[in-house]
Chemist: 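I have a structure here, written as structure tokens, and I will follow up with some questions on it.
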Protein chains: 2
Amino acid sequence: MSDASDKPLATYAPVHTKRAFEEVTDQIRGLIARGALRPGDRLPSERELAEQFSLSRNTVREGLRALEIAGMLELRKGATGGAFVREGQGDAVISSFADLFILGKIQPGHLTEARQIVAVAVTRLACQRASEDDLDELEANVEASRQAVSRGDFPERTRINLEFHRLLAKCTRNPVLIVIYDAMIEIQRQMLEVLPAAPNSAVMPSRERLLGYLRARDEDRAAHEMESNLRLLQQHYLSEQAKGSA
Amino acid sequence: MSDASDKPLATYAPVHTKRAFEEVTDQIRGLIARGALRPGDRLPSERELAEQFSLSRNTVREGLRALEIAGMLELRKGATGGAFVREGQGDAVISSFADLFILGKIQPGHLTEARQIVAVAVTRLACQRASEDDLDELEANVEASRQAVSRGDFPERTRINLEFHRLLAKCTRNPVLIVIYDAMIEIQRQMLEVLPAAPNSAVMPSRERLLGYLRARDEDRAAHEMESNLRLLQQHYLSEQAKGSA
DNA sequence: CCGCATTAATGGTTCATCTTTTGAAAAACC
DNA sequence: GGTTTTTCAAAAGATGAACCATTAATGCGG
């Protein structure tokens, strides 16, 4: 079917026959990247898009779905429904990151090592940039954790303790760090559903000290507190791993 | 938010009517998470899955497509085609991360700040863990960069210089750090396509010094070299931002 | 044994049609 | 007049059947 005039020059490059729906995603991505579509904007309905692209509605939907999964669009049904450009959040990053764990690509030791690195930096930046409101939120979180413990609601305590990290990351005002840190915390959460949680009664006192250092804007002490806290965790997982492989 | 009266007995389910294709993705994700499906395994054909799920082939395809986009499956067509569980790589993380930049959520200053943090840590770990082969690869990369400069091929030099970071991250042997760092480098690359690149003639000498420190396993000097290198970049972007908003 | 045409299996695409959800307009009610 | 209920239309969601395109295995002829 392919005569010589098909590909006259030896460009070896392209390959990977593009599927129709990828053309849809590329074009829409391009419009967003160029600013022609902005967060909150509504795209034409599936039927209109299908006509404009000269594709079937099904194929267009696959493209829209792809962008929805990628977190760039939100598809709303109903009378005023349609495809809307999303205010970008890191949900897609977080879930695809978590998939790496599901696929067995990430071991607990890998995660805690990376967490240590980012957590210390996040703590330092939070110390510099946290507003009073941020600090109040953190304090409320610690208090909520205390209450969960007193109720004996340990799953809830775990959830609150992880939430603490999310709040801390928010203080940095840096979306890159926020999404990275949130993703790592999400994986941690998923790990805790499978692995035995480290009991770690040292967490609460550590949190209280950390809170004090944050309020005092004592960056070094705050960072050190966070670091030693996570080092315990790292040691726990490394010893678990040793047990597992023994 | 405090006492029991907050949550009466009837907490009215969360719901959020699940779409049919999400059931497909959840079930397959579950099978992978439980180890019933492992990387490399082939799923039944779309037609068979449609029958087993009691769904139309179209709907099943949407589910498979979703997992393909998430990077968990690979769909191959042809006689021996089908859906295969992928060896997990961070592609999906990287592209969804890059989407945050496309959506305008990430500014250059955010990225370089985060890069500084991770890069220094990556450098330290690379110093500890890089094999001789790793170091040879890094050296070859620097040499390639030199040659690109002498050819005057600056886009190629940029590509090679970013590749240096990818190689460095690989030395850490930590998939979490690798994927995070790769993602940041990819965003950097996309930024360079839009923004004026920092000329930065200081890169090559810095790279050579860094390479020396890596070979000498001199962690502190290597980390310092990387840090001061990126600080220049950060200053460049901050001054650009100041110009832009002026 | 090799080379080429055939064939079967698979994903890719399209079409037509139906269902469900949702918001808003119209109607009924007080 | 204002409020509630009903109706309606627009949109995505789902379906099933058909057809196209690609790929690897099969088998035939040399």
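Since we're looking at a predicted model, the values are computed, not measured. All heavy atoms count here, side chains included; hydrogens, waters and symmetry mates do not. In what follows, chains are A, B, ... by sequence order, proteins preceding strands, each numbered from 1.
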Chemist: When you get a sec, tell me which of dA14(D), dT15(D), dT10(C) is the closest nucleotide to the side chain of Ser45(B)?
Modeler: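 Ranking dA14(D), dT15(D), dT10(C) by closest atom to the Ser45(B) side chain puts dT10(C) first.
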Chemist: Send over the distance from Leu73(B) CG to dT10(C) P, rounded to a whole Å.
Modeler: 16 Å
Chemist: Compare the minimum distances between each of dG23(C), dT23(D), dG12(C) and the side chain of Ala79(B), then state the nucleotide with the smallest one.
Modeler: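 For Ala79(B), the side-chain atoms sit closest to dT23(D).
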Chemist: Using a cut-off of 4.0 Å on non-hydrogen atoms, how would the nucleic acid contact of Leu55(B) be classed: base, sugar-phosphate, or nothing?
Modeler: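 Sugar-phosphate: the residue Leu55(B), judged by heavy atoms under 4.0 Å, touches backbone atoms but no base.
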Chemist: Between Leu75(A) (CG) and dA14(D) (P), how many Å, whole number?
Modeler: 11 Å
Chemist: dA9(C) P sits how many Å from Arg42(B) CZ, rounded?
Modeler: 12 Å
Chemist: If you look at every heavy atom in Ala126(B) and Thr172(B), which pair is closest and at what distance?
Modeler: N-CG2, 4.3 Å
Chemist: What is the separation between atom CD1 on Ile69(B) and atom C1' on dG11(C), rounded to the nearest whole Å?
Modeler: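 Going from CD1 in Ile69(B) over to C1' in dG11(C) covers 15 Å.
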Chemist: Atom CD of Glu46(A) to atom P of dA14(D): distance rounded to whole Å?
Modeler: 11 Å
Chemist: Of the non-hydrogen atoms in Ile69(B) and Ala66(A), which two are nearest, and what is the gap between them?
Modeler: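 It is CD1-CB, 3.2 Å.
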Chemist: I'd like to know if the side chain of Ser145(B) reaches the main chain of Asn141(B), judged simply by a donor and an acceptor atom lying under 3.5 Å from each other, with no hydrogens or angles considered.
Modeler: no
Chemist: Tell me whether the OP1 or OP2 atom of dT15(D) has a side-chain N or O from Thr59(B) closer than 4.0 Å.
Modeler: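 Checking dT15(D) against Thr59(B), a side-chain N or O does come within under 4.0 Å of OP1 or OP2.
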Chemist: Can you check the Arg76(A) CZ to dT21(C) P distance for me, whole Å?
Modeler: 17 Å
Chemist: Measure CD/Glu74(B) against C1'/dT10(C) and give the value in whole Å, please.
Modeler: 14 Å
Chemist: Between Ser131(A) and Asp134(A), do the side chains contain an N or O donor and an N or O acceptor separated by less than 3.5 Å?
Modeler: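 Ser131(A) vs Asp134(A): donor-acceptor pair found between side chains.
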Chemist: Between Thr80(A) and Ser54(B), just flag the one whose closest nucleotide in DNA chain D comes earlier from the 5' side.
Modeler: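 In this pair, the answer is Thr80(A).
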Chemist: Name the residue closer to the 5' end of DNA chain C, choosing between Gly78(A) and Phe21(A) according to the nucleotide with the nearest heavy atom.
Modeler: Phe21(A)
Chemist: Is the Lys NZ or Arg CZ of Arg166(B) less than 6.0 Å from the centre of Tyr181(B)'s six-membered ring, within 45° of the axis?
Modeler: no
Chemist: Round to a whole Å and report the spacing from CZ of Arg65(A) to P of dA14(D).
Modeler: 7 Å
Chemist: Taking 4.0 Å as the cut-off, does a side-chain nitrogen or oxygen of Arg57(B) come that near to OP1 or OP2 on dG12(C)?
Modeler: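 Indeed not, no polar side-chain atom of Arg57(B) lies that close.
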